[in-house]
There are 2 protein chains.
Amino acid sequence: MPRNVSAEELVKRYTMRLAVNVYRFTLEGQPPSLGAVTETSPKRATIAAVARRAGVSPSAVSHVFNGRPNVSAATAERIRQAADELNWRPNYASRKVSGGGGRSLGLVIARASDTFGRDPFFMRLIAGLTEPLADIGWSLSLTLVQADEEERVYRQWWGEQRVDAFLLVDVRTDDPRLALVEQLGAPAVLLGAPIDDGVPAVTVQDDTAFATVLGHLGELGHVSVARVADAPGLAHTRARDQRFSRAAAEQGINASFVAWDPTADDPVAELLGRLGAATAIVVDNESIAAEIVAHAPEVGVEVPEQLSVVAWEDSWVSTLVRPRLTALDAPVEESARTAVALLERLVRGEDAGSRTVSGRRLVVRDSTGPAPAPARSASAPKAARTSRTRSSQTHEEEGS
Amino acid sequence: MPRNVSAEELVKRYTMRLAVNVYRFTLEGQPPSLGAVTETSPKRATIAAVARRAGVSPSAVSHVFNGRPNVSAATAERIRQAADELNWRPNYASRKVSGGGGRSLGLVIARASDTFGRDPFFMRLIAGLTEPLADIGWSLSLTLVQADEEERVYRQWWGEQRVDAFLLVDVRTDDPRLALVEQLGAPAVLLGAPIDDGVPAVTVQDDTAFATVLGHLGELGHVSVARVADAPGLAHTRARDQRFSRAAAEQGINASFVAWDPTADDPVAELLGRLGAATAIVVDNESIAAEIVAHAPEVGVEVPEQLSVVAWEDSWVSTLVRPRLTALDAPVEESARTAVALLERLVRGEDAGSRTVSGRRLVVRDSTGPAPAPARSASAPKAARTSRTRSSQTHEEEGS
DNA sequence: GTGAAAGCGCTAACAC
DNA sequence: GTGTTAGCGCTTTCAC
């Protein structure tokens with residue numbers, strides 16, 4: 001309601017109030033004047049108006065719209081029709097204030113605009129969330145925050161009852177949000193590996209992803225592979241490091257780790273300078289992988305002739321750069337759908353355990369190729385690409 | 001409130017109710033039992049609890065949290081402190097139901113996941129909206145819908161009072177949403193050229209953008225330039241067509257129009273085949289432009305040696321592809337901020353007129369170069385790029 | 001199967 | 001300045 005109201009608005013409010021008071025004082029059925037005021041006013045119809053039109057009580061209308069069984073089919077039909085005619089929908093706020101379940105999922109992303117914007121994962125996630133949410137009548141409340149504002153926003157949104165559950169993404173090691181949502185009593189689900197029994201997780205089945213990647217690279221003759229992690233603070237980083245080491249050991253591949261340094265003048269050149277013997281890299285972040293393949297030739301490293309690159313995550317961006325990126329595609333939409341399903345259970349007070357969704361698929365494109373012959377150095381000839389536009393092959397990774 | 005409640009929950013509710021009833025029956029100040037129940041229960045604190053703790057009435061608390069002046073500074077401080085201690089925030093739903101202003105902006109995007117996901121504009125828009133929204137205590141409710149569900153979602157979100165205003169994007173010619181929001185009485189702002197007095201617009205100052213682009217291309221010797229539009233139904237398409245024609249005429253450049261056909265087997269090849277004499281193109285959509293520069297060489301057209309490409313819209317994607325895209329950068333964040341400011345005025349009942357934000361900047365990168373000599377045909381030598389990594393130059397476009 | 005009535009937590013008019 | 005009170009529109013007992 002506007003703070004500064006017009007004269008008409010004041011008159012209207014006063015009229016409404018009068019009508020209501022008359023109704024109260026007469027203690028009778030329904031004075032026609034109230035009906036008239038309510039139904040012709042620009043204000044939205046109320047449950048009372050619908051009830052009146054259907055010739056029933058407000059509670060009957062409520063029952064129908066909440067799927068409670070105490071109303072006969074015929075009456076229910078009449079009520080629905082009246083609601084339609086008045087174009088009425090239960091007021092979300094009123095419903096909440098009177099104990100009805102809320103229907104809003106909070107997604108608070110602690111990223112700067114640019115790192116948010118250049119991660120296609122978020123577009124897939126947002127798009128993937130909206131459909132299952134819409135199916136159950138929920139909506140998505142989204143915001144970006146700075147790291148030091150994160151807790152405040154969770155507390156505020158929950159405290160104001162603006163949202164009824166949270167989806168936690170970018171989970172960090174010792175992430176304070178887990179304790180926070182438990183303290184608040186807020187239903188929450190996280191995307192990533194399970195951390196805490198209190199907050200169910202939706203995990204992508206990643207166990208064999210590295211084996212698949214290293215198998216692919218091994219076949220191409222690579223014996224030394226490096227893993228490039230983007231953000232060291234994220235919870236998944238260490239787990240992936242370990243899996244990478246193990247899978248490499250099993251396949252007799254020499255594993256190493258290289259950090260991406262976004263503060264360098266030329267992060268790609270700087271990274272390539274630190275690769276050592278590695279002839280292939282697996283990059284945690286798709287846009288970084290894309291930057292590497294795009295920029296490497298400009299600093300003297302041909303992809304895939306001298307270096308093979310695999311992106312962990314896949315999207316249209318991988319098919320945009322040249323050479324196209326070989327990538328590990330995650331079932332983001334499936335994760336989103338699963339998270340929504342869990343959230344719905346939590347909100348209803350049922351308990352929900354963590355879930356695992358299907359594994360990553362290795363999509364082989366053009367950024368991986370035969371390992372360079374050891375003799376050749378950085379001055380290797382820029383061999384013509386075997387087939388620049390060869391179609392993608394897909395290796396389905398077996399689930400576990 | 002969960003439908004299926006535990007025994008404990010039932011007991012708790014019953015206890016609360018008892019306490020409340022005792023309070024009502026005694027008709028006295030505040031029975032200690034109620035305070036105890038409310039404050040130690042896991043339920044969130046209420047305004048009454050805060051008032052009690054601060055030794056004032058609920059309305060005093062309300063006044064403080066709504067910036068009304070009727071409370072002394074000392075009392076206000078005491079109230080704030082009590083609220084902090086109880087970790088209380090005004091309940092959003094209650095506030096709305098009792099006439100308080102809402103604080104939620106609806107953004108309904110009628111796009112399929114993939115066309116949404118591959119348009120970096122939306123990431124910039126979302127990121128750009130959240131900050132100004134947070135500044136005024138609003139949040140963003142976002143959803144994707146199919147075209148035939150669009151109207152239903154607007155009606156539903158508004159009818160339920162789930163949102164308090166709408167931001168209209170992807171405005172189409174004769175867009176039914178304009179009449180819809182006016183009929184609903186919903187505050188709304190659109191991004192794009194003004195269409196209707198009822199819905200204020202935030203427009204990017206595009207008047208001279210084509211003159212700037214064509215000036216740049218003219219200097220490079222291009223005499224025939226084509227415009228590639230993505231979605232013919234969008235309202236901005238025709239306006240841009242006209243501006244393009246006019247600017248071309250003024251500069252003695254031969255203008256043509258070519259449609260992008262996403263259904264073709266190879267849309268890029270198909271498009272290039274229809275360019276006629278044009279040696280440069282201006283592409284409405286950044287990801288299409290990126291696809292063109294990435295794929296053109298694979299079908300025998302070198303960029304920029306044989307064809308110059310300019311993208312209308314700019315983001316990190318333009319710097320990812322090779323050659324890097326010369327692009328027209330729009331002030332998306334400024335548009336978002338302006339839209340939020342307008343919306344806030346509308347919601348308060350003040351009127352708000354359309355606004356124009358600063359013009360597009362031409363960012364010259366590597367996808368534009370000298371026009372090919374007319375004699376040379378498709379078999380032109382793949383001349384070495386003059387400077388593959390030359391730094392971007394920026395031409396500020398003068399506003400009007 | 002139906003309706004009356006008491007709340008939900010807050011705001012705002014008005015009296016003190 | 002501060003408190004009282006009557007709503008907001010809905011849900012939910014609990015009588016009928």
Side-chain angles (χ1 to χ4, degrees), chain A residues 1 3 5 10 13-14 16-21 23-24 27 29-30 38 43-52 54-76 78-79 88-102 159-161, chain B residues 1 3 5 10 13-14 16-17 19-21 23-24 27 29 38 43-52 54-76 78-79 88-102 159-161:
Chain A
M1 209 50 61
R3 297 268 153 65
V5 296
L10 285 175
R13 290 189 194 171
Y14 186 59
M16 294 268 314
R17 184 144 302 156
L18 263 186
V20 171
N21 288 338
Y23 167 47
R24 303 233 152 224
L27 293 175
Q30 284 80 21
T38 305
K43 298 201 98 56
R44 289 173 261 219
T46 69
I47 198 173
V50 175
R52 212 174 305 125
V56 297
S57 78
S59 53
V61 179
S62 175
H63 286 154
V64 169
F65 276 80
N66 289 286
R68 248 165 288 285
N70 332 351
V71 181
S72 71
T75 317
R78 213 156 18 95
I79 290 174
W88 175 86
R89 283 168 188 77
N91 178 315
Y92 177 74
S94 303
R95 184 176 241 183
K96 275 206 72 167
V97 86
S98 60
E160 292 181 346
Q161 303 225 59
Chain B
M1 207 53 58
R3 296 270 153 64
V5 296
L10 284 175
R13 291 189 194 170
Y14 185 59
M16 293 267 315
R17 185 143 303 156
V20 170
N21 287 339
Y23 168 48
R24 302 235 152 225
L27 293 175
T38 306
K43 297 201 99 55
R44 288 174 260 221
T46 70
I47 198 173
V50 174
R52 214 174 305 126
V56 297
S57 78
S59 55
V61 180
S62 175
H63 286 154
V64 169
F65 276 79
N66 289 287
R68 249 166 288 285
N70 331 352
V71 181
S72 71
T75 318
R78 213 156 19 96
I79 290 173
W88 175 86
R89 282 169 189 75
N91 178 315
Y92 178 74
S94 304
R95 185 176 241 181
K96 275 206 73 166
V97 84
S98 60
E160 292 181 345
Q161 303 225 60

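Because only heavy atoms are used, hydrogens play no part in the values below, and waters and symmetry mates are left out as well, while side chains stay in. Remember, predicted model here, so these are calculated numbers, not experimental data. Order of the sequence lines fixes the chain letters, A, B, ..., with proteins taken first and strands second; residue numbering starts at 1 for each chain.
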Taking only side-chain N and O atoms of [X], does any of them lie within less than 4.0 angstrom of OP1 or OP2 on [N]?
X       : N      : answer
A:Ser57 : C:dG3  : yes
A:Ser62 : D:dT11 : yes
A:Asn91 : D:dC10 : no

Could you tell me the separation between the [atom1] atom of [X] and the [atom2] atom of [N], rounded to a whole number of Å?
X        : N      : atom1 : atom2 : result
A:Lys96  : C:dC10 : NZ    : P     : 12 Å
A:Glu160 : C:dG9  : CD    : P     : 16 Å
A:Arg78  : C:dT2  : CZ    : C1'   : 11 Å
A:Ile79  : D:dC10 : CD1   : C1'   : 15 Å
A:Ile47  : D:dC8  : CD1   : P     : 14 Å
A:Arg89  : D:dC10 : CZ    : P     : 12 Å
B:Asn66  : C:dA12 : CG    : C1'   : 10 Å

**Item:** A:Ser98 (side chain) donor-acceptor with A:Ser94 (main chain) under 3.5 angstrom
**Value:** yes
**Request:** Check whether any side-chain heavy atom of A:Arg95 lies under 4.5 Å from a side-chain heavy atom of A:Asn66, and answer yes or no.
**Result:** yes
**Prompt:** Does any non-hydrogen side-chain atom of B:Trp88 lie less than 4.5 Å from one of B:Val61?
**Reply:** yes
Side chain of [X] only, please: which of [options] is the nearest?
X       : options               : answer
B:Thr75 : D:dC8, D:dT2, D:dG9   : D:dT2
A:His63 : D:dT12, C:dG9, C:dT11 : D:dT12
B:Arg95 : C:dC10, D:dC10, D:dC8 : C:dC10
B:Ala60 : D:dG3, C:dG9, C:dT2   : D:dG3

By the 4.0 Å heavy-atom rule, please label [X] as base, sugar-phosphate, or nothing.
X       : value
B:Ser72 : sugar-phosphate
A:Val71 : sugar-phosphate
B:Val56 : sugar-phosphate

**Asked** With nearest nucleotides of DNA chain D determined for A:Pro58 and B:Ser98 from heavy-atom distances, which residue corresponds to the more 5′ nucleotide?
**Response** B:Ser98
**Prompt:** Which residues pass the side chain to side chain contact (heavy atoms under 4.5 Å, CB included) test with A:Arg89, sequence neighbours left out?
**Reply:** A:Asn87, B:Arg155, B:Gln156, B:Glu160
**Message:** Under 3.5 Å, is there any donor-acceptor pair linking the side chain of A:Ser59 to the base of C:dA4?
**Reply:** yes
**Complete:** Between A:Ala48 and A:Pro58 the two heavy atoms that sit nearest each other are CA-CG, 4.5 Å
